[in-house]
Amino acid sequence: MEAGCEVRLASAAHGPLECGIVVAMQDVQSAHADLTAHANDAGPDPAARLSQMAGALVGSEILKIAAEIRALMGQGVPVCNLTVGDFSPKQFPIPEVLQQAILRALERSETNYPAANGQVELRQAIQRFYERELGLRYPLDSFLVAGGAPGDLRPLPHRGRRR
């Protein structure tokens, strides 16, 4: 056994049952320092530490811009932040009619996420609108109502594309 380590095992007859490894704090700190040094060591070929795919990853530009905007706001610069996430209700208050609809939905315990392709009632209303206002008839499965464009709409240009 390494110096500074101790294994203790006690039975119920000798007091509280205790089973485990007790490691001296200096050994933990030493191991942490070794791991940190290893993680920070790029070695002779830094690119070899990452897979080719991981090495080619590029950070999100919008997240980079959002960080810059947050830094400006932290310095007290007045900014209308339209980058990522929810907009400030101080700059874009929720309309009263929407607030009331949200409260009614909460009273009905409608607190779960909707189906991935959207609420059936809303999709049916859109389907009726297309038929009534545009004279277009599509099956209900053709309608998608989602809360975010990047993940939900990315595959669309590849569906039914004509060349």
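This structure is a prediction, so every number in the text was calculated from the model and none was measured. Residue numbers count from 1 along this sequence. Hydrogens, waters and symmetry mates play no part in the numbers below; they use all other heavy atoms, side chains included.
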Linked, directly or transitively: [X] and [Y] (ILVMFWY side chains, under 4.5 Å):
| X | Y | result |
| --- | --- | --- |
| Tyr138 | Ile126 | yes |
| Val97 | Leu106 | no |
| Leu136 | Leu122 | yes |
| Val145 | Val120 | no |

Atom [atom1] of [X] and atom [atom2] of [Y]: how far apart are they, to the nearest 0.5 Å?
| X | Y | atom1 | atom2 | answer |
| --- | --- | --- | --- | --- |
| Arg70 | Leu72 | CZ | CG | 11.0 Å |
| Leu103 | Arg108 | CG | CZ | 10.5 Å |
| Ser142 | Asn117 | OG | CG | 11.0 Å |

Sort and list the pairs that fulfil ring pair (Phe, Tyr, Trp, His ring centres under 6.0 Å) and have at least one residue in residues 91-112, not counting sequence neighbours. Phe87-Phe92
Would you name the heavy atoms of Gln124 and Leu140 that are closest together and state the gap between them? N-CD1, 3.7 Å
Between Glu131 and Gln127, is there a side-chain donor-acceptor contact under 3.5 Å, judged purely by atom types and distance? no
A quick test of your reading: do over 12 heavy atoms of other residues, nucleotides or ligands sit less than 6.0 Å from [atom1] of [X]?
| X | atom1 | value |
| --- | --- | --- |
| Tyr130 | OH | no |
| Arg137 | CZ | no |
| Gln119 | CD | no |

Below 4.5 Å, heavy atoms only, C-beta onward: do Arg123 and Leu144 meet side chain to side chain? no
